[in-house]
Amino acid sequence: MAVALALGLGSWLLAAGRPAVGEPAKPAERVGDETCVQCHAQYVPAWNSVRHNQYIKSDKMPQGVRGCEGCHGPGSAHVEDENFHSIRNAKTMTGLPAAAPCIQCHSGKVKPASWLATPHAQAGLSCGSCHAVHQEPGGPSLLKKPTTELCLSCHPAQQAEFRMNSHHPVLEGRMECIDCHNPHADGPGTKGLLKAGDDRCVKCHLEKRGPFSFEHQTSTDDGDGTCQTCHKPHGSSSPKLQLYFGRGTCLQCHADIASAPPHLPRTGNCFTAGCHRQFHGSNTDRLFFN
Ligand code: HEC
Ligand code: HEC
Ligand code: HEC
Ligand code: HEC
Ligand code: HEC
Ligand code: HEC
Ligand code: HEC
Ligand code: HEC
Ligand code: HEC
């Protein structure tokens, strides 16, 4: 089983389940799933049918992480509370306590430190914002909706970018947001939730990977953001996802020579006039003609 049981997180569960001031300090005890579903009957269908829940209910799981109370903490105080509070609800929590119900079994896949550093965690999202907990999932990986639809439901501005003149075929269903992004982050502090360098652009555009005999030294200081020096990742009004139109892309760095002949071709530009066609890198020509 690829699941890492981080039982140390149990202390978070206990801390969060502590009764509020004024309530009796008697620690809550487990009452069992049968009791929970008597009142929360709407959860029963998914509890019995979703494959994931079979792991969670399984007798093989340590009792502390098993069943409804594995995520919500012992429930006796809740059942006795006339207002039915006194129980953990990740929906009304943030940070590690909100993620703990899932991370206690998934600290291998989703590292707590990386997760807490993501703009997603910092904006108050929890695992349950994207993953279905008690209902039938609508998408893969227990996601509430098909992946791209899910992302776009909170990022409508990006939808417009994927409709621009030149764009990656995401709305056409030929690729997904998660081809480039990892919503949980590959590591702490990954900029823009991007997948690590080689996993991002050249995994699909292999011919641009190099090494070439004549490399075009275009990388800027931001390390593996090389392709974005000239390309927009989602969509662009310029052809081929270019950041600027035509030779504007090259003038970012070569303004010095570009105003003198032969650098003002009558038709086309630096790369479409038949000259520096292999500017991504060439194995035969220092000036990238071919
Ligand atoms: C006697 C009926 C009853 C039982 C038994 C019961 N609940 Fe509840 N629970 C309620 C009611 C009523 C509410 C408030 C309305 C709602 O959210 O459905 C509630 C609310 C909750 C909430 C949200 C609490 C909040 O403050 O946001 C959670 C989580 C919860 N129940 C989990 C459980 C779990 C887990 C069990 C079993 C340990 C359980 N319940 C057993 C009746 C019950
Ligand atoms: C794998 C962990 C996990 C298990 C197991 C689990 N829950 Fe939950 N529960 C959550 C999370 C996470 C949320 C918050 C969901 C969200 O953010 O939308 C939640 C929310 C709730 C709520 C509050 C819903 C609301 O709208 O405020 C109730 C009630 C509840 N669970 C009952 C149950 C019952 C009953 C069971 C057992 C049949 C159960 N849960 C099993 C993790 C779990
Ligand atoms: C009691 C332990 C336990 C808890 C708690 C738990 N999981 Fe899992 N989860 C598993 C096991 C076991 C698997 C299957 C083995 C694997 O994929 O590593 C799994 C698989 C998954 C998968 C992959 C499913 C697929 O279709 O590929 C996702 C996504 C997932 N869990 C999300 C969550 C989320 C979100 C939560 C919190 C709401 C959660 N899990 C809570 C044990 C748990
Ligand atoms: C912004 C949406 C979003 C949030 C929030 C989110 N996830 Fe995910 N999760 C995804 C997507 C999309 C995938 C599928 C792509 C992938 O495997 O990276 C996924 C996949 C997974 C998987 C399964 C990977 C596999 O091998 O199939 C696990 C486990 C998981 N998430 C756990 C969590 C946990 C734990 C949290 C909370 C700390 C969480 N997720 C929060 C979107 C989200
Ligand atoms: C429930 C709403 C929600 C869902 C679903 C969601 N996001 Fe987010 N996302 C946010 C919020 C809120 C932020 C932080 C504020 C912002 O930058 O817009 C954010 C931030 C981001 C950022 C970082 C922006 C930056 O400036 O660094 C990326 C990238 C991102 N999300 C991608 C995704 C992808 C990919 C998916 C689908 C797997 C997804 N999001 C699903 C709400 C969501
Ligand atoms: C081809 C790879 C790729 C795909 C596919 C992709 N993104 Fe991005 N995305 C990026 C890169 C690279 C950045 C960083 C832009 C920058 O900072 O220069 C980014 C930035 C973002 C941001 C931060 C705000 C911004 O626009 O700079 C959000 C939010 C975002 N993407 C969401 C999404 C969503 C939602 C999808 C799917 C509908 C998606 N992305 C698909 C590569 C991609
Ligand atoms: C998951 C695979 C995948 C990844 C990752 C990917 N691309 Fe693409 N890219 C494609 C596909 C598919 C097309 C469309 C090709 C077609 O329509 O024939 C495309 C097209 C392009 C185009 C040409 C657009 C046009 O209008 O013809 C450029 C430029 C491009 N990608 C750059 C990038 C950059 C830069 C990155 C990294 C930020 C990247 N790609 C990441 C699959 C990918
Ligand atoms: C120096 C600027 C620059 C850099 C850096 C750059 N590109 Fe390009 N790229 C362009 C321009 C300009 C075009 C349009 C070429 C044309 O129209 O003939 C283009 C076209 C493309 C195309 C579509 C046409 C083709 O040749 O297949 C893809 C795919 C592509 N680039 C991927 C990448 C990837 C991946 C990276 C990073 C490894 C990258 N580019 C880095 C400027 C650049
Ligand atoms: C991010 C900056 C940057 C951009 C944008 C850029 N270049 Fe370059 N280019 C360089 C650097 C740095 C060198 C190597 C230093 C040198 O020899 O001048 C170079 C070298 C060259 C050379 C070889 C010159 C020589 O004398 O060896 C050619 C030809 C060239 N670039 C064409 C292009 C074309 C065409 C474009 C637009 C598609 C472009 N460059 C965009 C930075 C850039």
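Indexing begins at 1, ligand by ligand and atom by atom, following the structure's order.
When only non-hydrogen protein atoms are considered, atom 37 (C) of ligand 1 lies nearest to C36 SG, 1.8 Å. Looking only at protein heavy atoms, the nearest one to atom 27 (O) of ligand 5 is G192 CA, 3.6 Å. Scanning all protein heavy atoms for the shortest distance to atom 34 (C) of ligand 5 gives C151 SG, 3.5 Å. Looking from atom 22 (C) of ligand 5 to the surrounding protein, the closest heavy atom is L193 CD1, 3.7 Å.
Considering backbone and side-chain N/O atoms, H85 comes within less than 3.5 Å of an N/O atom of ligand 1. Polar contact check, N89 against ligand 1: a nitrogen or oxygen pair lies under 3.5 Å apart. Between H216 and ligand 9, a contact under 3.5 Å exists for at least one N or O pair. Considering backbone and side-chain N/O atoms, T229 never comes within less than 3.5 Å of an N/O atom of ligand 9. Some N or O of H78 is nearer than 3.5 Å to an N or O of ligand 1, by distance alone.
Among the atoms of H276, none of the N, O or S atoms falls under 2.8 Å from atom 8 (Fe) of ligand 9. The distance from atom 8 (Fe) of ligand 9 to the nearest N/O/S atom of H254 is under 2.8 Å.
At a heavy-atom distance under 4.0 Å, no atom of Q122 approaches ligand 5.
By the 30° and 60° cut-offs, the orientation of the rings of H78 relative to F84 is perpendicular.
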